[in-house]
Amino acid sequence: MKISILDDYHDTVRTLPCFEKLKGHDVTIWNDHVQDTDALAERLRDTEALVLIRERTKIREPLLERLPKLKLISQRSVYPHIDVAACTRLGIILSSSQHPGAPSHATAEMTWALVLAAMRQIPQQMASLKSGQWQMGVGTSLRGKTLGIYGYGRIGGVVAGYGRAFGMNVQVWARPATLAKAKADGYATAASKEAFFADCDVISLHMRLVDATRHIVTAADLAQMKPTALLVNTSRAPLIEPGALVEALRTGRPGMAAVDVYEDEPVVDKTHPLLTMPNVICTPHIGYVTREEYETQFIDIFDQITAYAAGTPINVINTDVLSHAR
């Protein structure tokens, strides 16, 4: 099959052990990011199987209609960036492993790195030292503070464990079924959403972006937070009401944020509001970007391609397409 892999920024995929799974196929890897429909249509005009790295490129109907040879889109995890209905109508299979029970430990580790970096002002202290100064301020310890986990799923559960290991009081807010699971795992649950935002010293968001969670964190929620509190988002930017975080940080509630995700990615504008605020630590969506996590993800992605090539597609999201796939 003729396979195209998009958005492999650091040309990493071909160096993974699992890349051997594509031996014998015609593989083209693109290292830059392109969203323009005309440019993508030209690049992918002969592509039969398209590999996506998470949600870096939006695949919508105007593009799909111009890819007559495309038979399969293979990726891993959620797919809000893909027009599934258009795929089905055009006979294109979407295969995406949902990896039940397998958290992204890389993202959980990155979340904790941001918590530590923000509370101890590590980037600011490094910048001070490099500029010829010495200490620029006084940090905050985690032990004895309250860690709020908003959304107690696979990654949230791992981060809660990190908080417990650091001697923090862990508190969870989530939908009722998930709250029950948190209680069963021995964690406290908040009395209400308002109390959760008001009580926690650190709040970390751990939810998938679906219609029910889009903009679930409002300006009113953020206004409840302490002036000394930290909000961490390594999940998805649209979980927060548009513009609410920047305005909340300007007014001082919460006092800090650590962000790995943005409304529009990649962010290349140095004047982006979050990049200009001294009380914010920003990283370029690297939560899952480790060699180990890539290997885990691409094993699934490449297995989906080889299964399709063998005539037995797996992890099919739009199962209705199977009766009239290209």
Side-chain angles (χ1 to χ4, degrees), residues 1-9 11-35 37 39-102 104 208 210 288-289 291-326:
M1 295 181 69
K2 186 168 181 57
I3 300 168
S4 292
I5 301 174
L6 294 181
D7 296 298
D8 183 13
Y9 299 153
D11 205 20
T12 303
V13 173
R14 70 175 78 249
T15 70
L16 300 175
C18 64
F19 191 66
E20 280 292 309
K21 290 177 178 286
L22 298 187
K23 191 173 183 178
H25 293 285
D26 180 2
V27 183
T28 301
I29 300 176
W30 299 93
N31 305 129
D32 58 343
H33 172 74
V34 171
Q35 188 59 67
T37 298
L40 284 171
E42 176 62 24
R43 284 188 175 189
L44 303 176
R45 61 183 177 180
D46 295 322
T47 298
E48 297 171 291
L50 175 61
V51 171
L52 302 179
I53 300 180
R54 300 299 292 261
E55 300 153 46
R56 291 179 176 177
T57 297
K58 297 177 178 66
I59 306 298
R60 305 298 192 199
E61 185 174 34
L63 173 62
L64 292 168
E65 287 183 332
R66 295 173 62 179
L67 304 177
K69 296 184 180 180
L70 184 62
K71 302 178 177 68
L72 172 71
I73 298 175
S74 186
Q75 63 144 53
R76 193 174 191 259
S77 200
V78 295
Y79 39 89
H81 52 302
I82 300 174
D83 189 333
V84 180
C87 287
T88 302
R89 182 176 63 79
L90 295 167
I92 302 166
I93 291 174
L94 169 60
S95 286
S96 188
S97 169
Q98 299 303 296
H99 50 97
S104 170
R208 287 186 170 186
V210 295
Y288 67 96
V289 183
R291 292 192 60 83
E292 294 80 5
E293 182 71 13
Y294 265 37
E295 178 72 11
T296 298
Q297 292 191 17
F298 280 96
I299 285 173
D300 283 353
I301 291 169
F302 295 158
D303 280 347
Q304 289 167 174
I305 292 175
T306 55
Y308 175 86
T312 55
I314 59 174
N315 301 327
V316 177
I317 299 300
N318 53 341
T319 53
D320 289 347
V321 80
L322 293 176
S323 58
H324 60 281
R326 293 173 175 173

Inset, instruction - Measure from NZ or CZ of R56 to the centre of the six-membered ring of Y9, then state whether that distance is under 6.0 Å and the direction lies within 45° of the axis. - result: yes

Legend entry - Side-chain touch T296/Y288, heavy atoms, less than 4.5 angstrom: no

Inset, instruction - Establish, from distance only, whether the side-chain atoms of S74 and Q304 form a donor-acceptor pair under 3.5 Å. - result: yes

Legend entry - Least distance between heavy atoms, I82 atom then C87 atom: CG2-SG, 3.9 Å

Inset, instruction - Taking all non-hydrogen atoms of both residues into account, name the closest pair between F302 and C18 and its distance. - result: CD1-O, 3.4 Å

Legend entry - Interatomic spacing from OG1 in T47 to CG in L72 - rounded to 0.5 Å: 11.5 Å

Legend entry - Minimum heavy-atom distance E65-L90, with the two atoms named: N-CD1, 3.9 Å

Inset, instruction - Report yes if the side chains of E61 and R89 come closer than 4.5 Å at any heavy-atom pair, otherwise no. - result: yes

Legend entry - Which atom of V34 lies closest to which atom of A39, heavy atoms considered: CG1-CB, 3.6 Å

Legend entry - Sequence neighbours excluded - salt bridge (Lys or Arg N to Asp or Glu O under 4.0 Å) pairs with any residue from residues 304-325: none

Legend entry - Flag, side chain of E48 to backbone of K71, donor-acceptor distance under 3.5 Å: no

Inset, instruction - Would you confirm whether D8, through its side chain, and V13, through its main-chain N or O, come within 3.5 Å as a donor-acceptor pair? - result: yes

Legend entry - Spacing of CD belonging to Q297 relative to CD belonging to Q75, to within rounding of 0.5 Å: 9.5 Å

Inset, instruction - Quick one: pull up OG in S4 and CG in D46 and give me the separation to the nearest 0.5 Å. - result: 8.5 Å

Legend entry - S77 to S96 - nearest heavy-atom pair and separation: O-OG, 2.6 Å

Inset, instruction - Working to the nearest 0.5 Å, report the span between CZ of R54 and CD of E293. - result: 7.5 Å

Legend entry - side-chain hydrogen bond (donor to acceptor under 3.5 Å, both in side chains) between T15 and R291, intermediate numbers included: CA-CA 9 Å; T15 70; R291 292 192 60 83; 3.1 Å; yes

Legend entry - Residue pair I29, D11: steps toward the side chain to side chain contact (heavy atoms under 4.5 Å, CB included) verdict: CA-CA 8 Å; I29 300 176; D11 205 20; 4.1 Å; yes

Inset, instruction - Check whether any side-chain heavy atom of Q35 sits under 4.5 Å from a side-chain heavy atom of T57, and report yes or no. - result: yes

Inset, instruction - Taking the side chain as every heavy atom from C-beta outward, state whether I73 and Y79 have any pair of such atoms under 4.5 Å apart. - result: no

Inset, instruction - Start with the C-alpha distance between R43 and T28, add both sets of side-chain angles, then the distance that settles side chain to side chain contact (heavy atoms under 4.5 Å, CB included), and finish with yes or no. - result: CA-CA 10 Å; R43 284 188 175 189; T28 301; over 6 Å; no

Inset, instruction - Using the side-chain contact (heavy atoms from CB on, under 4.5 Å) rule, pick out the option among L94, I301, L6 that qualifies with L52. - result: L6

Legend entry - From CA spacing to verdict: side chain to side chain contact (heavy atoms under 4.5 Å, CB included), I92, L67: CA-CA 10 Å; I92 302 166; L67 304 177; 5.9 Å; no

Legend entry - Interatomic spacing from CG in L50 to CD1 in I5 - rounded to 0.5 Å: 9.5 Å

Inset, instruction - Using a 4.5 Å cut-off on heavy atoms from C-beta on, say whether the side chain of E295 contacts that of I299. - result: yes

Legend entry - Side chain to side chain, I59 and L64, heavy atoms closer than 4.5 Å: yes

Inset, instruction - First locate atom CH2 of W30, then atom CG of L44, and finally report the distance between them rounded to the nearest 0.5 Å. - result: 8.0 Å

Inset, instruction - Answer yes when E42 and R66 have at least one side-chain N-carboxylate O distance shorter than 4.0 Å, and no when they do not. - result: no

Inset, instruction - State, to 0.1 Å, how close R60 and P80 come at their nearest heavy-atom pair, and which atoms those are. - result: NH1-O, 3.2 Å

Inset, instruction - Could you check if a side-chain atom of K21 sits within less than 4.5 angstrom of a side-chain atom of D303, using non-hydrogen atoms only? - result: yes

